[in-house]
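See structure below.
Start at 1 and go down the list; that is how both ligands and their atoms are numbered.
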Amino acid sequence: MGEEIKDFSQLKLNSWLLAQCESMGLKKPTPIQQNCIPQVLAGKDCIGCAKTGSGKTLAFALPILQKLCEDPYGIFALILTPTRELAFQIADQFAAIGKAINLKKCVIVGGMDMIVQGLELSKHPHIVVATPGRLADHLDSCDTFSLQKIQFLVLDEADRLLGGHFDAQLKKIFAALPKQKQVLFFSATMTDALEKVQHLASDKVFTWQEEDDAG
Ligand code: ADP
Ligand code: MG
């Protein structure tokens with residue numbers, strides 16, 4: 001067992017990220033953050049499972065923002081999530097942390113104007129948070145943006161995304177991504193679907209699952 005991490009400064013995050021966490025009142029990284037952030041910073045693919053409310057969003061947002069600062073070119077990260085509501089929540093957390101670097105983010109979900117979204121996509125956002133159906137619609141209809149510079153693919157609520165309902169859209173999206181990228185899966189439960197995703201990740205995938213009783 002590694003030594004226990006007591007505060008964010010032990011995670012090798014840049015000082016601007018630490019300052020941002022502090023200003024948001026975040027004191028100690030949650031277990032999934034303690035375990036996954038160093039691995040993501042080290043370039044590993046990651047499968048992280050912990051119950052709802054355990055801080056999975058920052059477990060991927062913090063290391064992605066750190067890497068983004070090193071090489072901010074093209075759409076840098078794509079975060080897929082099953083619902084509109086989750087997409088907005090994730091985008092809000094990226095915006096809160098990323099305001100220090102003028103983060104440009106874009107939310108691509110159903111029920112909003114396709115043309116407006118297409119324009120936003122063409123303006124080179126750093127981060128795209130999307131539901132699979134609407135992003136697949138844009139890939140069908142629009143050639144003003146490219147996902148070829150993506151360095152991170154995140155599947156948030158991966159068990160729900162990979163449960164079958166989104167298969168056709170995900171296939172289309174994955175085909176539009178570069179081969180070389182880090183893939184991060186986060187989920188509340190480790191289901192069969194999630195166990196089957198190992199093939200989407202590389203063989204250096206780091207898997208971390210919260211114990212039922214952390215006590
Ligand atoms: P999950 O995706 O695991 O369900 P979220 O990432 O949405 O959980 O986080 C739930 C809440 O916990 C959010 O309001 C978030 O700001 C807060 N949070 C995240 N990390 C920490 C932390 N290290 N300390 C305190 N609160 C945190
Ligand atoms: Mg979440």
Side-chain angles (χ1 to χ4, degrees), residues 2-41 45-68 77-101 103 105 107-109 127-132 135 152-163 165-166 170 182-191 193-194 197 201 206-215:
E3 86 187 82
E4 201 209 346
I5 289 179
K6 296 202 174 56
D7 66 64
F8 278 99
S9 65
Q10 286 167 274
L11 287 176
K12 296 191 175 137
L13 291 165
N14 291 341
S15 56
W16 72 270
L17 280 168
L18 296 177
Q20 207 61 40
C21 289
E22 200 182 322
S23 78
M24 292 167 71
L26 306 177
K27 295 199 169 64
K28 187 184 163 178
T30 64
I32 195 159
Q33 293 163 1
Q34 292 177 29
N35 285 279
C36 293
I37 289 173
Q39 302 289 336
V40 178
L41 288 175
D45 291 346
C46 180
I47 298 175
C49 292
K51 62 181 178 295
T52 300
S54 52
K56 292 188 287 293
T57 310
L58 291 184
F60 59 80
L62 290 170
I64 286 176
L65 288 171
Q66 173 141 325
K67 294 284 185 181
L68 167 64
L78 170 63
I79 293 93
L80 296 174
T81 193
T83 69
R84 287 164 53 94
E85 190 194 23
L86 285 168
F88 284 113
Q89 284 173 16
I90 292 165
D92 284 349
Q93 290 205 50
F94 268 100
I97 300 278
K99 67 182 170 198
I101 55 162
L103 182 76
K105 55 156 180 60
V107 179
I108 300 297
V109 295
I127 305 283
V128 174
V129 187
T131 50
L135 185 63
F152 283 96
L153 168 65
V154 181
L155 270 61
D156 178 61
E157 302 284 338
D159 57 334
R160 289 166 69 186
L161 284 174
L162 297 164
H165 181 67
F166 297 106
L170 289 174
Q182 258 176 274
V183 189
L184 313 179
F185 302 91
F186 285 92
S187 167
T189 51
M190 179 70 106
T191 61
L194 202 47
V197 303
F206 168 78
T207 305
W208 188 81
Q209 187 167 18
E210 189 177 53
E211 285 169 33
D212 283 345
D213 179 14

(request) Could I get the full list of side chain to side chain contact (heavy atoms under 4.5 Å, CB included) partners for Pro132, not counting sequence neighbours? (result) Leu161, Phe166, Gln169, Leu170, Ile173

(request) Applying side chain to side chain contact (heavy atoms under 4.5 Å, CB included), name anything that partners Glu22, two or more places apart in sequence or on another chain. (result) none

(message) Restricting to side chain to side chain contact (heavy atoms under 4.5 Å, CB included), what partner residues turn up for Gln66, sequence neighbours left out?
(response) Leu13, Asn14, Leu17, Leu41, Glu70

(request) Measure from the side-chain N and O atoms of Glu157 to the backbone N and O of Thr81, and report whether any donor-acceptor pair falls under 3.5 Å. (result) no

(message) Heavy-atom contacts with ligand 1 below 4.0 Å: which residues, ordered by chain and residue number?
(response) Phe8, Leu26, Lys28, Pro29, Thr30, Gln33, Lys51, Thr52, Gly53, Ser54, Gly55, Lys56, Thr57, Leu58, Gln93

(message) Please check: side-chain N/O of Glu210 versus main-chain N/O of Lys51, any donor-acceptor pairing under 3.5 Å?
(response) yes

(message) Quick check: closest heavy atoms across Ile37 and Pro63, and the distance to 0.1 Å?
(response) CG1-CD, 3.9 Å

